[in-house]
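Report on one structure; see the data block that follows.
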Amino acid sequence: MTLAVGLMSGTSCDGVSAALADFQGRRVRLLAYRTDPYPSSLRDRLRAATELKTPELARLNMALGERFAASALRVLRRRAAVHRITVIGSHGHTVYHGPADPIPTTLQLGEPAVIAQRTGLPVVADFRMRDMAAGGEGAPLIPAFDQAVFGDGPPRALHNIGGIANVTLVGRGIAPVAFDTGPGNCLLDALARRLTHGRHAYDPQGRLAAGGRVDQALLRALRSHPYFRTPPPKSTGPELFQERWLDERAGRVWRRRLPDTLATLTYLTAWTIADSYRRFLPVQPREVIVSGGGALNRTLMGHLRALLRPTPVVSIRRYGWPPQAKEPVAFAWLALRAIRRRVNHLPATTGAREACILGAITPGGIR
Ligand SMILES: Nc1ncnc2c1ncn2[C@@H]1O[C@H](COP(=O)(O)OP(=O)(O)O)[C@@H](O)[C@H]1O
Ligand SMILES: [Mg+2]
């Protein structure tokens with residue numbers, strides 16, 4: 001039995017997702033999972049983090065460290081004694097990602113020293129930096145996990161629909177292919193907040209989208225974004241697909257027809273996924289396994305099933321994991337590899353010049 005905890009906070013800024021899992025070779029058993037939502041004030045600060053001054057960023061780093069530590073301790077509660085845990089893998093929260101900058105850089109906050117101090121456990125964090133130091137984009141990191149756990153089977157697409165949506169194609173004899181397909185939940189969340197005057201942080205189960213009609217003219221305007229035609233490797237962020245993009249493409253009318261706009265964007269998200277498979281995957285998957293909070297959006301899942309038919313599209317729940325557990329489990333696995341001094345990325349998918357061991361290790365307490 002090798003137990004590890006993983007912590008993740010993604011571009012949706014919804015909260016800290018934490019998982020406790022047992023790793024035995026390729027086999028992973030999820031023992032506990034939780035997402036601790038952020039209060040709306042913290043969400044707003046995270047969404048505006050690129051505008052923060054250095055002292056505010058430094059404080060945010062510590063505040064997030066406390067939140068990650070609290071989530072780690074909560075996911076452990078009742079499930080496993082702390083002394084049986086080998087390591088915590090913490091992705092942190094990305095406040096800046098600039099792989100194409102003159103000096104490529106990335107910044108994840110959530111101070112690992114705080115997590116190590118509160119839990120007494122070793123923490124591996126800052127995974128993206130090492131990949132960048134080796135000439136990589138610092139992303140995507142999950143494909144190494146996808147390949148290890150799902151790679152020994154038929155061709156399968158692992159699609160994570162978080163704030164941004166990304167895919168990894170794996171299968172026996174296939175070199176993994178991974179890229180961001182485009183928008184995920186970020187813009188859907190913004191529209192749901194606008195439509196409900198802030199009462200809902202997201203479109204629950206996709207019900208709001210189901211109440212609108214897909215606007216074909218708007219859909220055409222949005223589909224023509226060059227990102228969707230750009231071949232991989234490629235990655236994107238929430239900066240590209242936000243309300244300003246709608247203004248640019250469609251003027252301001254979309255604001256007066258919010259249910260239809262939400263319906264259109266939900267459809268667009270599914271369309272970009274299906275379209276990218278046809279354009280860019282070397283083989284079509286036999287199954288699509290959807291993870292991330294987007295798997296809970298029934299309208300989105302319905303569109304995906306219709307667009308990819310006859311390929312089965314299933315939530316990762318089918319494999320026993322709540323949709324938002326997959327990414328924290330992956331970071332627990334990456335951390336285990338790091339402390340065992342084993343390669344934990346696929347340089348071919350990040351563009352790194354050589355394989356390396358990602359992650360900065362903070363020792364645990366003195367036992
Ligand atoms: N019950 C639900 N119905 C519809 N969407 C949901 C539901 N629960 C979560 N989500 C969506 O999932 C998002 C969070 O997904 P997550 O995988 O954590 O993304 P990230 O990694 O970007 O934080 C929320 O912002 C929301 O859009
Ligand atoms: Mg999240």
Side-chain angles (χ1 to χ4, degrees), residues 6-19 33-40 42-44 46-47 49 64 67-68 71 75 89-95 97 108-110 127-128 139-142 145 158-168 180-196 198-212 235-242 262-263 265-266 268-270 273 289-304 315-317 321-331:
L7 302 168
M8 176 69 199
S9 174
T11 47
S12 300
C13 303
D14 58 318
V16 182
S17 294
Y33 152 80
R34 59 186 294 128
T35 290
D36 293 310
Y38 292 133
S40 57
L42 181 53
R43 270 178 211 197
D44 292 343
L46 290 174
R47 288 201 183 101
L64 282 176
R67 289 205 167 255
F68 285 132
S71 291
V75 84
S90 180
H91 172 270
H93 185 91
T94 298
V95 294
H97 190 65
Q108 284 74 44
L109 299 187
F127 294 90
R128 298 192 187 276
L141 300 187
I142 307 281
F145 171 80
L158 294 141
H159 216 109
N160 194 76
I161 309 179
I164 292 294
N166 58 72
V167 67
T168 312
D180 288 346
T181 50
N185 295 305
C186 274
L187 195 47
L188 303 183
D189 289 355
L191 291 171
R193 285 198 299 277
R194 194 181 267 279
L195 181 57
T196 63
R199 263 181 294 117
H200 287 296
Y202 56 82
D203 178 3
Q205 281 70 255
R207 282 200 300 268
L208 301 171
S235 63
T236 184
E239 317 77 50
L240 210 55
F241 301 109
Q242 47 175 294
L262 186 56
L265 270 153
T266 304
L268 176 85
T269 304
I273 291 171
I289 305 172
V290 183
S291 59
L296 298 165
N297 185 321
R298 293 206 187 122
T299 307
L300 178 57
M301 290 293 281
H303 290 322
L304 257 184
S315 163
I316 201 162
R317 255 189 211 294
W321 296 359
Q324 284 163 277
K326 187 197 161 196
E327 290 209 321
V329 167
F331 281 97

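All residue numbers refer to positions in the sequence shown, counting from 1. Since this is a predicted model, take the numbers as computed values, not measurements. Order of listing sets the numbers, starting from 1, for every ligand and every atom in it.
For the pair Leu7/Pro328, no side-chain contact is recorded, criterion being any heavy-atom separation below 4.5 Å from C-beta on. Between Arg193 and Tyr202 the shortest side-chain heavy-atom distance does not fall below 4.5 Å. Contact of the Ile273 side chain with the Val167 side chain is not registered, since no non-hydrogen atoms from C-beta on lie closer than 4.5 Å. Using a 4.5 Å heavy-atom threshold, the side chains of Gln324 and Leu296 count as touching. Within the 4.5 Å cutoff, no side-chain heavy atoms of Leu158 are placed close to those of Ser291.
Asp14 contributes OD1 as its N, O or S atom closest to the Mg ion (ligand 2).
Of the listed options Asn185, Leu187, Ile161, Asn185 places a heavy atom closest to atom 13 (C) of ligand 1.
Between Ser12 and ligand 1, a contact under 3.5 Å exists for at least one N or O pair. Polar contact check, Gly293 against ligand 1: a nitrogen or oxygen pair lies under 3.5 Å apart.
Only the backbone of Asp203 comes within 4.0 Å of ligand 1, judged by heavy-atom distances. Contact annotation for Asp14 and ligand 1: only side-chain heavy atoms (C-beta onward) come within less than 4.0 Å of the ligand. Contact annotation: for Thr11 versus ligand 1, heavy atoms closer than 4.0 Å belong to both the backbone and the side chain. Residue contacts with ligand 1 for Gln324 involve side-chain atoms from C-beta outward but no N, CA, C or O (heavy atoms, distance under 4.0 Å).
Residue contacts with ligand 1: Leu188 is excluded, as none of its non-hydrogen atoms falls under 4.0 Å.
Contact atoms of ligand 1 toward Gly163: 19 (O), 20 (P), 22 (O) (distance under 4.0 Å to a heavy atom of the residue). Those atoms of ligand 1 with a heavy atom of Gly292 less than 4.0 angstrom away are 17 (O). Near Gln205, with a cut-off below 4.0 Å to any heavy atom, the atoms of ligand 1 are 1 (N), 2 (C), 3 (N), 4 (C). If you number the atoms of ligand 1 from 1 as listed, the ones under 4.0 Å from a heavy atom of Pro204 come out as 3 (N). The distance from ligand 1 to the heavy atoms of Leu296 drops below 4.0 Å at these ligand atoms: 1 (N), 2 (C), 3 (N), 4 (C), 7 (C), 8 (N), 9 (C).
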side-chain contact (heavy atoms from CB on, under 4.5 Å) assessment of Phe331 paired with Leu141: CA-CA 9 Å; Phe331 281 97; Leu141 300 187; 4.2 Å; yes

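Nearest approach of Pro322 to Ile316, heavy atoms of both residues: O-CG2, 4.1 Å. What you find for Asn166 and His159 is that their closest heavy atoms are O-CD2, 3.2 Å.
When the shell of 6.0 Å around CZ of Arg298 is examined, it contains 12 or fewer heavy atoms from other residues, nucleotides or ligands.
What sits closest to atom 7 (C) of ligand 1 on the protein, heavy atoms only, is Tyr202 CE1, 3.2 Å. Among all protein heavy atoms, the one lying closest to atom 21 (O) of ligand 1 is Gly10 CA, 3.5 Å. Closest protein heavy atom to atom 25 (O) of ligand 1: Asp189 OD2, 2.5 Å.
A donor-acceptor pair shorter than 3.5 Å can be found between the side chains of Tyr38 and Ser9.
Under the side chain to side chain donor-acceptor pair (under 3.5 Å) rule, His91 has a single partner from Glu327, Gln108, Arg128, which is Arg128.
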